[in-house]
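What follows is a single structure, written as structure tokens, with notes after it.
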Amino acid sequence: MLKIFERLVSGLKKTRRGLSSGLKRVFTGNEIDDDFYDELEEVLIMADLGVETTENIIEDLKVKENELKIKKPADLQQVLIDTVKAQMDTDEEAYSFENKVSVVLVIGVNGVGKTTTIGKLAAQYRSAGKKVIIAAADTFRAAATEQLAEWAKRSGADLIAGQEGSDPAAVVFDAVNAAKARKADILICDTAGRLHNKKNLMEELRKISRVIDREFPEAARENLIVLDGTTGQNAVVQAKQFNDIMDITGIIITKLDGTAKGGIAIAVQAELGVPVKYIGVGEHIEDLQKFDKDSFVDALFMDEEEEEAAE
Amino acid sequence: MAFESLTDKLQNIFKNLRSRGKLSEADVKASLKEVKMALLEADVNFKVVKQFINSVQERAVGQEVFQSLTPGQTIIKIVNEEMTALMGSETTEIPLKGNNEVTVIMMAGLQGAGKTTTCAKLAGIYKGKGRRPLLAALDVYRPAAIKQLQVNGEKVGVPVFTMGDNVSPVDIAKAAYAHAKANGNNILLLDTAGRLHVDEEMMQELADIQSAVNVDSTIFIVDAMTGQDAVNVAKSFNDRIEIDGVILTKMDGDTRGGAALSIKAVTGKPILYVGMGEKLSDLQQFYPDRMASRILGMGDVLTLIEKATAEIDEEKARDMNQRLKKADFNYNDLLTSLNQVRSMGSITDILAMMPGMGNKLKDVDVDESQFTQVEAIINSMTPAERENPSLMNMSRKKRIAAGAGVDIAEVNRLAKMLEQSKSMMKKFGGSGARKAMKRNKGMFGGFPFGF
Ligand SMILES: Nc1nc2c(ncn2[C@@H]2O[C@H](COP(=O)(O)OP(=O)(O)O)[C@@H](O)[C@H]2O)c(=O)[nH]1
Ligand SMILES: [Mg+2]
């Protein structure tokens, strides 16, 4: 637990600093007035929570301010933290697929970090002693298979691949059969990045999903959408559109080692009601963490002094 | 996220004002609040929005808006003008040296922004202009990045200089430059690894490359979907390695692309191109006015129209125009226009670029298979039947339906559609038909049916 927290602290350092210094400024004022809420709005929007989520949070906070008769901004801070934490709850059930025979399908738009994340996931499952197979179903992007092959090598997973330009559903079909024959614990399928407004590419994804359902109904299904932490409001649209194709069971937010605030995680969670399960905090194989709402939200709203103490 | 368009919102605010006759400052404020929200929803940075609204307000409280009969439109106009001005009022190009010298262009940006693809697209453009580009693979970090550039280079027919991933990017750049000189390449495009703007060591590497080979233009590649952090990233890159221009990628998505405005505001550097797809030909000029409307949620209709026009074979269109004039439209013409529409990409892709359509497509549900069906029906006709629709009778229709594997009702439907459009064309008559054709051509490749 402490280890996770430390990793988060280093990974989210920038994230937190950006948001917390702002929040601190807002919450150390003397009065809860329009200016206070205006400033809070600014801070939340700057963190990519988006207009709608920000307005919802502020409305909610105003109601609670009245109900609980809160007079000081500082007291509202804890209310805000508790509210966001309650929303971002990821229970242990969320990871139960990791202990079953399962198929993990990783989807998202171009360049968000799908392939890298799969390498990191495979490494985690391998070090937990599981047999992992990776399917290279991105048959579109140049050298996508070679990239994934390197991650398979690094993590010690088996790779099932096809030719560039071949049918990705056929690669998945082969991979499912290999997973059954080799008695793999987890099959992770990489897919080509695709913009959610390209209908034919989204249909291709539906086909891949059907192949898994049909060929391997006994396996636990996990559909993970990867979202780039620097993405703005479009991430919400992405999540919704992919969710229309297949039921998304988890969200992965990458690139939280930059200065992006990652507030989009809160907006997407609010929209889909699906938990964030992992976050990416770097390009190395160990830079993937299970999402922990307490660490995440505490880290997000932490004061600078507390931050230094935690390091 | 089905948002009302900004135009609708503003019109609502001003709806009841005309009877009152005069606009108050509060009215203007209320409308600017809507503009502010629209910009924030489009991911324009909060601080940039604030500044921008202030400057619009100055103009808006002037006479212009108060005297206008359509204050909503006037405010939109001011906003649009201010935005276009901020975004740069003309299109810019990357400056190139003479044919006997090597112009060095370096890509820079975050991970996953689209540098490798864009780099190859640029190489393709320069090759098409008769230049002799060379691509160099400097991303020695990401697995298979070099291979990706090699494959893309091959696709556009441009040589790729590589030294594997055990040589430092600075040394690769130097060797690539020498190679370009020795082989008569006059443009050197450096593909670099994605990096975080806060990664000091990696930013230094870019600075080192710049001085090692005298980079002429440093191009900042950025994902159009980037959120509020775009200002931090762009500013850091610009402060650290001084960028010369910006390319926005993944603009074929449905993002409003507010990052473009933020980046322009904090760097002042021109946006040069936009990436409109994964194909290596999908790099397009940047038009500030179109970007302004897109950010405001008024769609990218102009780009859409351009895309349609560009793909249409002018001569065929003219030929068909003639026939339309005579209201002589047959199945061959129908097939031609069908293929023209097809060649623009899938109908769904095109519709997705319409304002607000991205999310609504599943309701509209454009059935691509309908096109296949129409095509199959026409393909089952004899050349004479295609040429002369009046030959059609029951037994012919039966045969065609069987050949196409469809119900006879479908053949009837198609025949009726053709007749209807013919009589429509007749009504328009001479010049009317031409005008209608011209209008249609923009959107649907001369396909005279509404669908
Ligand atoms: N800084 C950082 N970079 C990442 C992270 N995850 C992925 N990347 C980088 O983002 C780029 C795109 O990743 P890739 O896995 O190829 O994306 P894909 O197209 O979705 O498969 C690569 O350069 C990765 O190294 C992360 O958590 N942090
Ligand atoms: Mg990939």
Side-chain angles (χ1 to χ4, degrees), chain A residues 14 18 41-43 45-48 50-52 54 109-113 115-116 119 140-151 153-154 164 192-200 228-238 240-241 244 254-255 257-261 263-264 271 283, chain B residues 1 37 40-43 45-47 50 110-114 116-117 120 141-152 155 194 196-198 223-230 232-233 236 249-250 252-256 258-259 278 346-349 351-353 357-359 361-362 366 368:
Chain A
K14 298 291 173 190
E41 177 195 38
E42 171 171 348
V43 170
I45 283 186
M46 291 274 279
D48 280 326
V51 173
E52 203 181 316
T54 297
V109 302
N110 316 69
V112 289
T115 306
T116 309
F140 180 78
R141 211 205 64 195
T145 298
E146 284 86 346
Q147 185 189 357
L148 192 64
E150 174 61 27
W151 282 108
K153 200 172 95 194
R154 288 182 190 174
E164 190 181 319
R194 66 200 75 220
L195 288 171
H196 49 287
N197 59 343
K198 311 253 162 152
K199 199 175 178 193
N200 51 342
D228 185 325
T230 52
T231 305
Q233 298 315 300
N234 197 249
V236 182
V237 186
Q238 290 167 25
K240 275 162 72 172
Q241 302 269 312
D244 283 345
T254 59
K255 308 184 192 174
D257 47 329
T259 51
K261 315 289 190 286
I264 196 63
E271 187 65 43
E283 298 187 84
Chain B
M1 233 195 285
M37 287 304 164
L40 290 176
E41 276 169 353
D43 288 321
N45 180 271
F46 194 94
K47 297 212 161 96
K50 237 176 165 171
L110 295 178
Q111 292 95 340
T116 307
T117 312
Y141 308 100
R142 207 202 70 196
I146 297 173
K147 183 76 197 294
Q148 186 189 352
L149 189 68
Q150 282 174 322
V151 174
N152 283 340
K155 282 185 188 156
L196 288 173
H197 51 298
V198 285
D223 187 325
M225 300 181 276
T226 310
Q228 295 286 318
D229 202 38
N232 293 329
V233 179
S236 306
T249 61
K250 306 177 202 172
D252 48 328
D254 56 5
T255 180
R256 302 255 296 274
E278 294 189 80
S346 99
I347 275 292
T348 340
D349 283 356
L351 285 180
M353 290 166 71
M357 278 302 264
N359 307 321
L361 272 185
K362 55 181 182 299
V366 182
E368 302 260 349

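Only this structure's heavy atoms are used, side chains among them; waters, hydrogens and symmetry mates stay out. These figures come from a predicted structure and were not determined experimentally. First the proteins, then the strands, lettered A, B, ... as listed; each starts at 1.
Of the two parts of A:Q147, the backbone and the side chain both hold a non-hydrogen atom closer than 4.5 Å to a non-hydrogen atom of chain B. Looking at A:V112, there are no atoms closer than 4.5 Å to chain B (heavy atoms on both sides), in backbone or side chain. Contact of A:E164 with chain B is made through the side chain alone, with heavy-atom distances under 4.5 Å. With a threshold of 4.5 angstrom between heavy atoms, B:Q150 does not approach chain A through any atom at all.
The distance from the OG1 atom of B:T255 to the CG atom of A:L195 is 10.0 Å, given to the nearest 0.5 Å. Remark: B:E278 CD to A:N110 CG distance equals 4.5 Å, nearest 0.5 Å. Here the CE-CD1 distance, from B:M225 to A:I264, works out to 11.5 Å after rounding to the nearest 0.5 Å. Residue B:L40 holds its CG atom at 7.0 Å from CD of A:E41, rounded to the nearest 0.5 Å. Between atom OG1 of residue B:T117 and atom CZ of residue A:R141 there is a gap of 7.0 Å, rounded to the nearest 0.5 Å. Between atom NZ of residue B:K47 and atom CD1 of residue A:I45 there is a gap of 12.5 Å, rounded to the nearest 0.5 Å.
Side-chain atoms of A:D228 never come within 3.5 Å of backbone atoms of B:T226 as a donor-acceptor pair (strictly under, hydrogens ignored).
Between B:D43 and A:N234 the shortest heavy-atom distance is OD2-N, 4.1 Å. B:G194 approaches A:E283 most closely through the heavy-atom pair O-OE2, 4.3 Å. The shortest heavy-atom contact between A:D48 and B:D229 is OD2-N, 4.4 Å. Across all non-hydrogen atoms, the minimal contact from B:Q148 to A:A143 is N-CB, 3.4 Å. Listed here is the closest heavy atom pair of A:M46 and B:Q228: O-CB, 3.3 Å. For the residue pair B:L196 and A:G258, the shortest heavy atom distance occurs at CD2-CA, 3.8 Å.
When the shell of 6.0 Å around NZ of B:K155 is examined, it contains more than 12 heavy atoms from other residues, nucleotides or ligands.
Between A:T116 and B:R142 the shortest side-chain heavy-atom distance does not fall below 4.5 Å. A heavy-atom distance below 4.5 Å is not found between the side chains of B:V233 and A:T230.
With chain A as partner, the option from B:A145, B:G114, B:G227 having the largest number of non-hydrogen pairs under 4.5 angstrom is B:G227.
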